[in-house]
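Below is one structure, written out as structure tokens; comments come after it.
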There are 2 protein chains.
Amino acid sequence: MMNRGGKRMGAGRPRGTNHYGEPTKPVRIPVSKIDRVLRFVREREDRIPLYGNEVPAGFPSPADDYAEGVLDLNAHLVREPTATFFVRARGDSMIGAGIHDGDLLVVDRSLEATNGKVVIVSINGELTVKRLRQAKGRTWLIPENPDYPPIDFQEQDDTHLWGVVTNVVHSL
Amino acid sequence: MMNRGGKRMGAGRPRGTNHYGEPTKPVRIPVSKIDRVLRFVREREDRIPLYGNEVPAGFPSPADDYAEGVLDLNAHLVREPTATFFVRARGDSMIGAGIHDGDLLVVDRSLEATNGKVVIVSINGELTVKRLRQAKGRTWLIPENPDYPPIDFQEQDDTHLWGVVTNVVHSL
DNA sequence: TTTTTGAATAATGTAACAACATTCAAAAGG
DNA sequence: CCTTTTGAATGTTGTTACATTATTCAAAAA
């Protein structure tokens, strides 16, 4: 009754039986980000509950159990990470499309800029966001604000179409 | 020449002069994720692949230069993960605040619902988004659309204030 | 045979430490 | 008197150390 277990091949807790299946190292993290970092390393970082218009059972405690209706903003808004970038919108020329001054635009370079899409173009080194309209063999950049005039794409020098705006993030 | 500096009020490096402006703590991270975690905690607005209105050098290939430094939308839009949830907006009663039908609302339950904030409330089991207005000792829920009337919060039954809307994600 | 026990060993959170960074008043130099 | 240099004091930081907890498995007990 005095001597159990003991020294032997394979005694003790095996390596790699931790939560991650690999070694860990301490890393110094700003306190306000510890919560998010832990969520990330525990692979639940981006699972945040999504609700419709009805108050669901258990609504008061999203942190508890939300098996259904979780949403990852990165996955939801960025379909092609390598072809995606962000632009900060300036001005109110696209207010009719829900794009306000200061909004963050998610731009996908891999999407085809077809008729009616909202696109990012550079004209003489300046970025602008407009709706693409192709008619009568010509291409126009249409603001969605009656105070601004349409732009004839062919008449401009040094133009480039950078991508299609897929989402607008507006901060309140 | 032997005694310079020395003990005194305000001697030494001031608190809060670190890279983050707040204290740090060691957190054990799986080795394969250390790089990503460090990139995340060290990320600053000016290092984000986010462009203003000028076409910057190297703009044509955001994926190349910033392949590893892409802005994490979750981190950018969700400050308090355990207190955050999403709601899908319905209707156009908040069109003036840039909230369109079908938009995704990021809601933070940990923020104080002060006068002027856009909030999510439930009234008789239904979720709604309105601007909170406190005046003359009363609380009103104000739509941002002249077609809709203000709601007297006190006159409603079965109400609950769920959180403050911090961001609106609008898909094009 | 099945169940319980405990030595061996790994994992984990955090304290501690050494090296580095920063500040500012005193000292040194003009 | 003014400017420059110096170094003690104090905060920051990456890493190590360590006490505690978790896990395993064969021997002991039932």
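Small disclaimer: the values here were computed from a predicted structure and weren't measured. Chain letters run A, B, ... following the sequence lines, proteins first and then strands; every chain starts at 1.
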Considering all heavy atoms of both residues, which atom of [X] and which atom of [Y] are nearest to each other, and what is their separation?
X         : Y         : result
Pro14(B)  : Thr17(B)  : O-OG1, 2.9 Å
Val164(B) : Leu111(B) : CG2-O, 3.8 Å
Leu132(A) : Ala113(A) : CD2-O, 3.2 Å

Give the rounded distance in Å between these two atoms: [atom1] of [X] and [atom2] of [N].
X        : N       : atom1 : atom2 : answer
Ile29(A) : dT12(D) : CD1   : P     : 16 Å
Arg15(B) : dA21(C) : CZ    : C1'   : 16 Å
Asn18(B) : dT10(D) : CG    : P     : 18 Å
Ile34(B) : dG14(D) : CD1   : C1'   : 11 Å

Practice item. Give me the one residue out of Val168(B), Val87(B), Asn167(B), Val165(B) that meets side chain to side chain contact (heavy atoms under 4.5 Å, CB included) with Val106(B). Key: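 For Val106(B), the side chain to side chain contact (heavy atoms under 4.5 Å, CB included) test succeeds with only one of Val168(B), Val87(B), Asn167(B), Val165(B), which is Asn167(B).
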Practice item. Report yes or no: does Arg88(A) contribute a side-chain atom to a donor-acceptor pair with the main-chain N or O of Gly102(A) at less than 3.5 Å? Key: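 Answer holds: yes.
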Review point. Taking ILVMFWY side chains as joined if any heavy atoms are under 4.5 angstrom apart, and letting links pass through other members, which residues group with Trp140(B)?
Key: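 ILVMFWY cluster around Trp140(B) also holds Ile142(B).
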Check nucleotides 15-23 of chain D for protein N or O atoms closer than 3.5 Å to its own N or O atoms and list the pairs.
from    : atom 1 : to       : atom 2 : distance (Å)
dT23(D) : O2     : Arg13(A) : N      : 3.4

